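Here is the structure we will look at.
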Protein chains: 2
Amino acid sequence: MLSPATITRAAMALIESRGYPGLTMAGLARQLRVAPSALYNHAASKRDVLRWVQDRVNQDVDAGGFPALPWDEALVRWARSYRDIYALHAPLVAVIAVTPITGAPHTVAMYEQVARGLRTGGWPEDEVVAVITAVESFVLGSALDATAPPDIFEVGELAPQAPVFDAATRARSTADPARDAFELGLAALVEGLRARLAAAPARDA
Amino acid sequence: MLSPATITRAAMALIESRGYPGLTMAGLARQLRVAPSALYNHAASKRDVLRWVQDRVNQDVDAGGFPALPWDEALVRWARSYRDIYALHAPLVAVIAVTPITGAPHTVAMYEQVARGLRTGGWPEDEVVAVITAVESFVLGSALDATAPPDIFEVGELAPQAPVFDAATRARSTADPARDAFELGLAALVEGLRARLAAAPARDA
DNA sequence: ACCTGAACACCGTTCAAGT
DNA sequence: ACCTGAACACCGTTCAAGT
């Protein structure tokens with residue numbers, strides 16, 4: 001009774017319990033009480049399984065602010081949700097970059113919502129994808145950064161060569177520096193987008 | 001005559017000729033005419049080798065705009081260089097996120113240059129690392145995006161469900177959409193940072 | 001059409017034995 | 001101190017054989 005849907009479900013359960021290192025074809029087969037080779041009747045490769053997982057994950061990203069809210073508010077809500085979810089699925093970040101969205105219905109639905117919201121907000125058609133890509137790049141980079149160990153910027157014995165940077169790391173408010181950096185960058189990015197749209201308003205809406 | 005320096009050199013040569021899939025401990029050993037196990041007298045794990053490679057790569061990132069140029073111009077120059085280089089070293093992006101910079105002298109030197117430039121430009125000490133992190137997250141996300149296949153946004157048979165997004169992908173100028181998105185995002189991010197600094201000028205400089 | 005079982009060509013890493 | 005050679009515990013994937 002194997003199918004893409006059941007395989008995806010098992011993969012999500014495996015990731016939940018053992019993390020991404022535990023997501024092996026053998027582990028997946030064991031979870032499904034089947035021989036590893038049986039999986040290859042439904043998935044051409046492990047990459048296929050990762051594509052299914054990615055689409056399932058994207059289903060949970062909140063693009064629901066569009067188009068009711070102003071585009072900038074909805075964009076912030078989308079970006080926050082996107083980052084928080086991929087911080088829990090960091091190994092998927094590298095997969096996204098290389099994987100065409102064909103056959104990933106939830107992913108396509110997400111992009112459609114955002115694209116509609118941007119168009120409604122006054123963005124010209126030929127800039128919509130660039131805006132989405134720019135925000136997504138920031139979000140995925142920030143998701144990776146969110147998985148960094150707290151001591152990532154510890155310069156250690158090299159401190160004498162980097163006094164200014166070292167002092168700056170110590171001057172941070174300590175609670176959640178990754179989130180602070182994300183919020184600072186997101187606010188700046190959206191502010192800059194607002195300025196761009198205001199400077200060159202809708203040409204084709 | 002094995003050493004971290006010779007191993008790093010061999011790793012860079014291997015990446016150049018065979019790409020990151022070719023960077024295996026066995027391949028590295030063969031390049032150095034040595035048994036694979038010999039490598040473990042100098043590196044505790046493959047992760048160590050990747051750390052050395054990463055620091056070597058960061059040596060080529062251009063942070064030389066600081067502090068002579070205005071901080072925003074130097075930041076743009078740094079970000080462009082950083083993105084272009086990591087587009088050629090995409091598999092390192094996931095490594096960076098998790099790897100402390102201790103013992104990576106060129107990496108530390110790069111951050112020191114940027115931190116100095118931001119301080120000189122008027123940024124308060126407790127925001128410097130957040131600004132660096134935000135720009136870096138955008139840069140690394142954009143580097144991954146730069147490696148995407150041209151048809152990444154091809155919706156295929158799902159086109160009827162995503163007419164607005166599909167039309168937007170076709171409306172793009174076709175030359176190098178990834179670079180256009182990077183430049184749009186970079187301009188917006190830096191504009192937003194400028195606005196932030198202008199609104200709350202140097203408190204402790 | 002879909003599954004099993006055995007095999008293949010790799011991985012990174014360990015460790016006793018040598019020098 | 002540093003290297004070799006053999007081995008280990010995995011990977012993803014293939015394929016003949018079964019039903």
Side-chain angles (χ1 to χ4, degrees), chain A residues 1-56 89-100 103 149, chain B residues 1-56 89-100 103 149:
Chain A
M1 286 310 91
L2 241 40
S3 74
T6 58
I7 292 173
T8 304
R9 212 161 12 240
M12 294 301 295
L14 202 54
I15 290 163
E16 182 82 29
S17 62
R18 307 220 192 263
Y20 277 87
L23 181 58
T24 65
M25 296 303 268
L28 198 48
R30 183 158 25 84
Q31 178 107 355
L32 289 159
R33 293 181 209 292
V34 105
S37 52
L39 296 170
Y40 290 88
N41 286 302
H42 304 90
S45 68
K46 185 180 177 180
R47 179 173 294 272
D48 271 12
V49 176
L50 288 172
R51 260 198 331 130
W52 299 339
V53 168
Q54 188 211 322
D55 194 51
R56 176 62 188 79
H89 296 272
L92 284 183
V93 171
V95 177
I96 295 179
V98 183
T99 309
Chain B
M1 286 307 93
L2 241 39
S3 74
T6 58
I7 292 174
T8 305
R9 215 167 3 244
M12 294 301 295
L14 202 54
I15 290 163
E16 182 83 29
S17 63
R18 307 221 193 262
Y20 277 87
L23 181 58
T24 66
M25 295 303 268
L28 198 48
R30 183 158 25 84
Q31 178 107 356
L32 290 160
R33 296 181 208 292
V34 105
S37 52
L39 296 170
Y40 290 88
N41 286 303
H42 305 89
S45 68
K46 186 180 175 179
R47 178 173 294 273
D48 271 12
V49 177
L50 288 172
R51 259 198 333 129
W52 300 338
V53 168
Q54 188 212 321
D55 194 51
R56 176 63 188 78
H89 296 272
L92 285 184
V93 171
V95 178
I96 295 179
V98 183
T99 309

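Note that the coordinates shown come from a computational prediction; the quantities given were computed from them, not determined experimentally. By convention in this document, chain letters (A, B, ...) are assigned in the order of the sequence lines, proteins followed by strands, and residues within each chain are numbered from 1.
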## Note on the structure
Contacts of Asp55(A) meeting side chain to side chain donor-acceptor pair (under 3.5 Å) (sequence neighbours excluded), chain-then-number -> His106(A), Thr107(A)
### Task
Shoot me the first and last contacting nucleotide of DNA chain D against chain A, ordered 5' to 3', at under 4.0 angstrom to non-hydrogen atoms.
dC11(D) to dC15(D)
## Note on the structure
One should report the stems of DNA chain C, each a stretch of at least three consecutive Watson-Crick or G-U pairs at distances under 3.5 Å, as C:4-8 with D:12-16, C:12-16 with D:4-8
### Query
Tell me, which of residues 3-14 of chain A have any heavy atom that sits under 4.0 Å from an atom in DNA chain C?
none
Report, one line per pair, each donor and acceptor closer than 3.5 Å where one atom sits in a side chain of residues 10-34 of chain B; sequence neighbours left out.
| unit_1 | atom_1 | unit_2 | atom_2 | d |
| --- | --- | --- | --- | --- |
| Ser17(B) | OG | Ala13(B) | O | 3.2 |
| Ser17(B) | OG | Leu14(B) | O | 3.2 |
| Tyr20(B) | OH | His89(B) | ND1 | 2.6 |
| Thr24(B) | OG1 | Gly27(B) | N | 2.8 |

### Query
For DNA chain C, which residues in residues 18-39 of chain A have a heavy atom at a distance below 4.0 Å?
Val34(A), Ala35(A), Ser37(A), Ala38(A)
### Summary of side-chain hydrogen bond (donor to acceptor under 3.5 Å, both in side chains) pairs that have at least one residue in residues 41-52 of chain B, sequence neighbours excluded
none
### Query
For DNA chain C, which residues in residues 43-54 of chain B have a heavy atom at a distance below 4.0 Å?
Ser45(B), Lys46(B)
### Task
Check side chain to side chain donor-acceptor pair (under 3.5 Å) between Thr6(A) and all other residues, then give those that pass, not counting sequence neighbours.
Ser3(A)
### Query
Looking at CG of Leu39(B) and CG of Leu2(B), how far apart are the two atoms once the value is rounded to the nearest 0.5 Å?
6.0 Å
### Summary
Residue set satisfying side chain to side chain contact (heavy atoms under 4.5 Å, CB included) with Ser37(A), at least two apart, ordered chain then number -> Ala35(A)
